[in-house]
There are 2 protein chains.
Amino acid sequence: MSNAETAGPAAKRKPDISPERCDYTKFLDIVSSKWSALILYALEDGPVRFGEMGRRIEGISKKMQTQTLRQLERDGLVHRELTPSIPPVVDYSLTPLGRSLIGPLQELKRWASIHHGEVMQARDNYDRTLERAD
Amino acid sequence: MSNAETAGPAAKRKPDISPERCDYTKFLDIVSSKWSALILYALEDGPVRFGEMGRRIEGISKKMQTQTLRQLERDGLVHRELTPSIPPVVDYSLTPLGRSLIGPLQELKRWASIHHGEVMQARDNYDRTLERAD
DNA sequence: CGGGATCCCAAAAGATACTG
DNA sequence: CAGTATCTTTTGGGATCCCG
């Protein structure tokens with residue numbers, strides 16, 4: 001308290017929100033990549049093999065599938081089980097930690113399914129209003 | 001049904017998950033940028049002026065603040081109110097749509113605050129296991 | 001079958017300078 | 001005060017080819 005930094009009358013002064021401290025940022029860090037949630041969904045009903053998963057998720061490449069799975073595995077959300085036969089068999093499944101994410105994720109899907117129309121309409125409106133301003 | 005596409009015995013064949021159709025993808029499209037949720041949080045307790053917001057959010061640049069606010073405004077989550085005095089005063093606030101997002105977002109913060117430690121530990125573990133494999 | 005390695009591109013974000 | 005404009009850097013993702 002030695003510093004003459006006594007706050008002004010408006011009260012709020014110094015930063016109280018930061019990316020590093022925000023838990024939502026931590027969440028994004030884990031599952032904001034394009035394919036991560038999609039992979040979690042594919043695993044929702046039980047273990048799935050790599051190839052099967054690839055066929056179920058439209059448009060994913062082997063590279064992105066592998067890369068995203070590695071991240072999820074590294075974060076402890078997904079378990080990888082290799083059966084070293086020839087050809088090899090690799091099964092992926094949710095860990096308990098991974099499964100604990102399904103609930104919150106479904107909340108978001110609900111929000112989006114309910115409100116996405118409003119968002120699109122707001123965008124339209126915003127864009128058309130700008131056009132008229134030329 | 002003219003196509004001889006009768007499914008094999010393993011049942012699951014064609015893609016049933018896609019980025020375009022997934023509601024979670026739509027959600028990410030709206031609030032996955034680095035600063036968007038932080039700005040929503042800054043508005044949680046009521047209207048805030050541009051400068052005040054900037055001081056509250058650590059590390060944000062004016063450019064990113066403006067850019068993110070424009071996106072949120074375009075999507076109908078944030079309302080912008082300009083008082084054309086000199087110098088100008090601009091207040092930002094949540095719209096009802098924006099406020100409807102706060103709940104789901106808090107779910108995620110809760111998940112992250114509870115489980116982030118496990119994730120970090122899993123990462124550590126994964127990385128150290130890899131190091132030993134040289 | 002289930003990857004790894006490499007190259008390339010587009011989008012997001014940051015730095016800096018200028019303005020009504 | 002609250003922006004805009006421009007430039008550069010960083011990151012994420014896709015394409016392609018190779019491997020045990």
Side-chain angles (χ1 to χ4, degrees), chain A residues 8 10 12-13 18-20 22 25 28-39 42-43 47-75 78-93 130 133-134, chain B residues 8 10 18-20 22 25 28-39 42-43 47-75 78-93 130 133-134:
Chain A
K12 288 176 179 169
R13 294 229 148 262
S18 95
E20 288 77 26
C22 178
T25 302
L28 286 182
D29 188 43
I30 298 169
V31 281
S32 71
S33 84
K34 179 171 179 179
W35 303 103
S36 47
L38 268 20
I39 287 182
L43 296 174
V48 180
R49 288 184 56 175
F50 184 89
E52 162 82 3
M53 183 190 297
R55 266 169 263 124
R56 285 190 55 191
I57 304 179
E58 189 174 349
I60 197 171
S61 68
K62 281 193 297 186
K63 180 204 162 188
M64 288 316 296
Q65 189 183 346
T66 303
Q67 181 176 308
T68 308
L69 277 166
R70 286 291 166 278
Q71 273 161 203
L72 294 173
E73 188 192 359
R74 183 169 109 101
D75 288 348
V78 159
H79 175 68
R80 175 175 184 269
E81 183 132 12
L82 165 68
T83 306
S85 51
I86 298 184
V89 172
V90 182
D91 280 287
Y92 288 93
S93 56
L130 278 195
D134 58 32
Chain B
S18 94
E20 289 78 24
C22 179
T25 302
L28 287 182
D29 186 43
I30 298 169
V31 279
S32 71
S33 84
K34 180 171 180 179
W35 303 103
S36 47
L38 268 22
I39 287 183
L43 296 175
V48 179
R49 288 184 56 175
F50 184 90
E52 161 84 3
M53 184 191 295
R55 266 167 263 125
R56 287 190 54 190
I57 304 179
E58 191 173 348
I60 197 171
S61 67
K62 280 189 298 185
K63 181 203 159 187
M64 288 314 296
Q65 189 184 346
T66 303
Q67 182 176 308
T68 308
L69 277 167
R70 287 289 169 279
Q71 274 162 200
L72 294 173
E73 189 192 358
R74 183 170 108 102
D75 287 349
V78 159
H79 175 68
R80 176 176 184 268
E81 182 133 12
L82 165 69
T83 307
S85 50
I86 298 183
V89 172
V90 182
D91 280 286
Y92 288 94
S93 56
L130 280 194
D134 59 31

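Chain letters run A, B, ... following the sequence lines, proteins first, then strands; residues in each count from 1.
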**Student:** Any idea which of D/dA2, D/dG13, C/dA13 is nearest the A/M64 side chain?
**Tutor:** D/dG13
**Student:** Would you say a side-chain N or O of A/Y92 is under 4.0 Å from OP1 or OP2 of C/dG3?
**Tutor:** yes
**Student:** Select base, sugar-phosphate, or nothing to describe what A/S85 touches, counting heavy atoms under 4.0 Å on all strands.
**Tutor:** nothing
**Student:** Side chain of B/F50 only, please: which of C/dG20, C/dG2, D/dG3 is the nearest?
**Tutor:** D/dG3
**Student:** Separation of B/D29 atom CG from C/dA11 atom P, in whole Å?
**Tutor:** 13 Å
**Student:** Nearest-nucleotide wise, let me know which of B/R49 and A/Q71 is further upstream toward the 5' end of DNA chain D.
**Tutor:** B/R49
**Student:** Show the numbers, then the answer: is there a side-chain contact (heavy atoms from CB on, under 4.5 Å) between B/R49 and B/V89?
**Tutor:** CA-CA 7 Å; B/R49 288 184 56 175; B/V89 172; 3.7 Å; yes
**Student:** Can you name the nearest heavy-atom pair linking B/I60 to B/G54, along with the distance?
**Tutor:** CG2-O, 4.0 Å
**Student:** On DNA chain C, check which nucleotide each of B/T68 and B/K62 is closest to and give me the residue with the more 5' one.
**Tutor:** B/T68
**Student:** Between D/dA15, C/dG3, C/dG20, which nucleotide gets closest to the side-chain atoms of A/T66?
**Tutor:** C/dG3
**Student:** Any sub-3.5 Å donor-acceptor pair from B/T25's side-chain atoms to B/P19's backbone N or O?
**Tutor:** yes
**Student:** For A/L28 and D/dG12, what is the distance between atoms CG and P respectively, to the nearest whole Å?
**Tutor:** 12 Å
**Student:** Within the supplied structure, the quantity of interest is the number of heavy atoms (other residues, nucleotides, ligands) at a distance under 6.0 Å from B/Q67 CD; does it exceed 12?
**Tutor:** yes
**Student:** The side chain of A/R70 is closest to which nucleotide in this list: C/dG3, C/dC1, D/dG3?
**Tutor:** C/dG3
**Student:** Just call it for A/S61: base, sugar-phosphate, or nothing, with non-hydrogen atoms closer than 4.0 Å on any strand.
**Tutor:** nothing
**Student:** Identify, between A/I60 and B/D91, the residue whose nearest nucleotide on DNA chain D lies closer to the 5' end.
**Tutor:** B/D91
**Student:** B/K34 near the nucleic acid: base, sugar-phosphate alone, or nothing, with a heavy-atom cut-off under 4.0 Å?
**Tutor:** sugar-phosphate
**Student:** Rounded to whole angstrom units, what separation is found between the CD atom of A/E52 and the P atom of C/dC1?
**Tutor:** 12 Å
**Student:** For A/Q65 and D/dA15, give me the distance from atom CD to atom C1', rounded to whole Å.
**Tutor:** 16 Å
**Student:** Using whole Å, what does the distance between atom C1' of nucleotide C/dC1 and atom CG of A/L69 come to?
**Tutor:** 14 Å
**Student:** What is the distance, rounded to the nearest whole Å, between atom CG of A/L82 and atom P of D/dG20?
**Tutor:** 16 Å
**Student:** Taking the side chain as everything from C-beta on, heavy atoms only, tell me whether A/V90 gets closer than 4.5 Å to A/R80.
**Tutor:** yes
**Student:** Figure out the CZ/C1' separation between B/R80 and D/dG3, and round it to whole Å.
**Tutor:** 8 Å
**Student:** With heavy atoms under 4.0 Å as the rule, sort B/K63 into base, sugar-phosphate or nothing.
**Tutor:** base
**Student:** Once you round it to whole Å, what is the distance between P of D/dG12 and CG of A/L38?
**Tutor:** 18 Å
